[in-house]
Participant: 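Just passing along the structure, written as structure tokens.
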Amino acid sequence: MILLCLSGTLFSSLCSDGAPDGVDIKEFWVNMPNLITHLKKVAEQKPQATYYNVDMIKYQVSAEGIRSTPLNLAVSWRGDSVNTDLRIDYKYNAEAMAAPVPLHNIHFVVPVNGGIARLHTMIPPATWNPEQQTIQWKIQSLSQRSENGGVGALLGRFQMEEGPCKPSQLAVQFTSEGSTLSGCDIQLVGTGYRLSLVKKRFAAGKYLADN
């Protein structure tokens with residue numbers, strides 16, 4: 001499911017009559033005086049720039065099963081009153097994207113209750129945040145060209161202060177450039193104007209995984 005919303009900076013520039021145009025097509029029109037006013041303000045803020053990027057449409061995509069998510073996850077917790085083992089399996093899923101592109105700045109954040117007395121093993125190395133009581137892993141980039149085709153695992157073993165540790169929810173954040181999850185595209189209809197460049201980007205919103 002796709003939820004469309006107008007970008008905040010162009011709320012008065014990009015408009016729609018609200019009527020459905022078709023199952024796969026939605027028409028918007030641009031209020032050019034408002035757009036020109038916006039571009040003038042940007043030009044005043046960035047006088048040295050040779051061009052300006054304008055966010056035209058932002059929307060949310062609801063996942064419909066594992067095939068629609070670009071990063072598949074599985075979380076496993078095991079432990080006793082002393083030690084806890086955490087394993088996070090991940091898999092890059094090219095089929096979820098209109099065109100396969102790498103995922104960047106992937107952050108894995110896992111809350112750990114009970115307090116950690118000692119970190120035994122973290123593969124790859126992770127960061128323990130004592131204030132937020134979370135373990136954080138970071139992967140710079142992931143794609144089909146990554147090791148094992150983008151399939152891997154994060155492993156953690158730690159000694160608890162007050163075990164056993166209760167399994168918690170994994171939260172993941174990432175971004176990607178050059179493609180969409182929805183397959184949504186934009187086409188300029190009419191004469192007098194042209195699109196010199198269209199940039200596509202998606203980012204993880206509420207991206208969670210349970211044990």
Participant: Give me the atom names and distance for the closest heavy-atom approach of Pro102 to Ser176.
Facilitator: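 Closest heavy-atom pair between Pro102 and Ser176: O-OG, 2.7 Å.
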
Participant: Shared ILVMFWY cluster between Val109 and Ile88, side chains joined below 4.5 angstrom?
Facilitator: no

Participant: Determine whether Ile135 and Phe108 satisfy the following criterion, side-chain contact (heavy atoms from CB on, under 4.5 Å), listing intermediate values before the conclusion.
Facilitator: CA-CA 8 Å; Ile135 294 177; Phe108 301 82; over 6 Å; no

Participant: Check whether any side-chain heavy atom of Leu71 sits under 4.5 Å from a side-chain heavy atom of Lys91, and report yes or no.
Facilitator: no

Participant: Where the side chain of Thr175 meets the backbone of Ala203, is there a donor-acceptor pair that is under 3.5 Å apart?
Facilitator: no

Participant: Measuring from atom CD1 of Ile116 to atom CE of Met160, what distance do you get when rounded to the nearest 0.5 angstrom?
Facilitator: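 Answer for the CD1-CE pair, Ile116 versus Met160, is 6.0 Å.
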
Participant: Any chance you could lay out the side-chain contact (heavy atoms from CB on, under 4.5 Å) test for Val110 and Ser168, step after step, and finish with the verdict?
Facilitator: CA-CA 7 Å; Val110 186; Ser168 59; 3.7 Å; yes

Participant: Do Thr134 and Val112 make a side-chain contact, defined as non-hydrogen atoms from C-beta onward lying under 4.5 Å apart?
Facilitator: no

Participant: Would you sort out whether Tyr92 and Met97 count as a side-chain contact (heavy atoms from CB on, under 4.5 Å), showing the intermediate values?
Facilitator: CA-CA 11 Å; Tyr92 174 83; Met97 291 166 268; 3.2 Å; yes

Participant: Salt bridge (charged side-chain N to carboxylate O under 4.0 Å, His left out), that's the test. Do Arg87 and Asp89 meet it? Break it down for me.
Facilitator: CA-CA 6 Å; Arg87 179 185 177 99; Asp89 290 283; 3.0 Å; yes

Participant: Ignoring hydrogens, what is the shortest heavy-atom contact between Thr180 and Cys184? Give both atom names and the distance.
Facilitator: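 Closest pair (atom of Thr180, atom of Cys184, distance): OG1-N, 3.5 Å.
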
Participant: Taking Leu39 as the starting point, is it possible to reach Val198 by hopping between hydrophobic residues whose side chains are less than 4.5 Å apart?
Facilitator: yes

Participant: Check whether any side-chain heavy atom of Asn113 sits under 4.5 Å from a side-chain heavy atom of Cys165, and report yes or no.
Facilitator: yes

Participant: Measuring from atom CD of Gln136 to atom OG1 of Thr127, what distance do you get when rounded to the nearest 0.5 angstrom?
Facilitator: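 It is 6.5 Å, given to the nearest 0.5 Å.
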
Participant: Between Ser182 and Tyr59, does any side-chain donor sit less than 3.5 Å from a side-chain acceptor?
Facilitator: yes

Participant: Quiz question: by atom type and distance under 3.5 Å, do the side chains of Asn83 and Gln159 form a donor-acceptor pair?
Facilitator: no

Participant: Within the structure provided, determine whether Leu35 and Pro33 are in side-chain contact (heavy-atom separation under 4.5 Å).
Facilitator: no

Participant: Ignoring hydrogens and geometry, is there a side-chain-to-backbone donor-acceptor pair from Ser179 to Ala99 under 3.5 Å?
Facilitator: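 Pair found, side chain donor or acceptor close to backbone of Ala99.
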
Participant: Hey, could you give me each pair passing side chain to side chain donor-acceptor pair (under 3.5 Å) that has a residue in residues 68-77? Not counting sequence neighbours.
Facilitator: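 Listed once each, the pairs are Thr69-Asn72.
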
Participant: Checking Gln133 side chain against Pro130 main chain: does a donor-acceptor pair fall under 3.5 Å?
Facilitator: yes

Participant: I need the Gln45 CD to Lys40 NZ distance, nearest 0.5 Å.
Facilitator: 14.5 Å

Participant: With sequence neighbours left out, what residues match Asn129 under side-chain hydrogen bond (donor to acceptor under 3.5 Å, both in side chains)?
Facilitator: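 For Asn129 there are no side-chain hydrogen bond (donor to acceptor under 3.5 Å, both in side chains) partners, ignoring immediate neighbours.
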
Participant: Pairs in or reaching into residues 125-155: which pass ring pair (Phe, Tyr, Trp, His ring centres under 6.0 Å), with residues at least two apart or in two chains?
Facilitator: none

Participant: Name all residues meeting the salt bridge (Lys or Arg N to Asp or Glu O under 4.0 Å) criterion together with Asp85; count only those two or more places apart in sequence or in a different chain, and write none if there are none.
Facilitator: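 Once residues adjacent in sequence are excluded, the partners of Asp85 under the salt bridge (Lys or Arg N to Asp or Glu O under 4.0 Å) criterion are Arg157.
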
Participant: Please evaluate residues Val75 and Leu86 with respect to the criterion side-chain contact (heavy atoms from CB on, under 4.5 Å), reporting the C-alpha separation (whole Å), side-chain torsions for both, the decisive distance (0.1 Å), and the verdict.
Facilitator: CA-CA 8 Å; Val75 184; Leu86 170 62; 3.9 Å; yes

Participant: With a 4.5 Å heavy-atom cut-off, do Leu73 and Val172 have their side chains touching?
Facilitator: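 With C-beta onward as the side chain, the pair touches.
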
Participant: Would a 4.5 Å heavy-atom cut-off, applied to side chains only, mark Ser143 and Leu103 as touching?
Facilitator: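 They are not in contact (no side-chain heavy atoms under 4.5 Å apart), so the answer is no.
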
Participant: Can you give me the closest heavy-atom contact between Asn93 and Arg67, atom names plus distance?
Facilitator: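 What the structure gives for the nearest pair is ND2-O, 3.1 Å.
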
Participant: Where is the tightest heavy-atom contact between Val82 and Asp80, given as atom of each residue plus distance?
Facilitator: N-OD1, 2.8 Å

Participant: Return the minimal non-hydrogen interatomic distance between Glu44 and Pro47, and the atom names on each side.
Facilitator: O-CD, 3.7 Å

Participant: Are Met32 and Tyr51 connected in a single hydrophobic cluster, I mean Ile/Leu/Val/Met/Phe/Trp/Tyr linked by side-chain heavy atoms less than 4.5 Å apart?
Facilitator: no

Participant: Would you indicate whether the side-chain heavy atoms of Leu142 and Tyr90 approach each other to under 4.5 Å?
Facilitator: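 Of all side-chain heavy-atom pairs linking Leu142 with Tyr90, at least one is under 4.5 Å.
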
Participant: Between Gln173 and Gly205, is there a donor-acceptor pair closer than 3.5 Å when you use the side chain of the first and the backbone of the second?
Facilitator: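 Checked: pair present.
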
Participant: Would you list the pairs meeting ring pair (Phe, Tyr, Trp, His ring centres under 6.0 Å) in which at least one residue belongs to residues 157-190, sequence neighbours left out?
Facilitator: Phe174-Tyr207

Participant: With a cut-off of 3.5 Å and sequence neighbours excluded, list every side-chain donor-acceptor pair involving residues 147-156.
Facilitator:
none

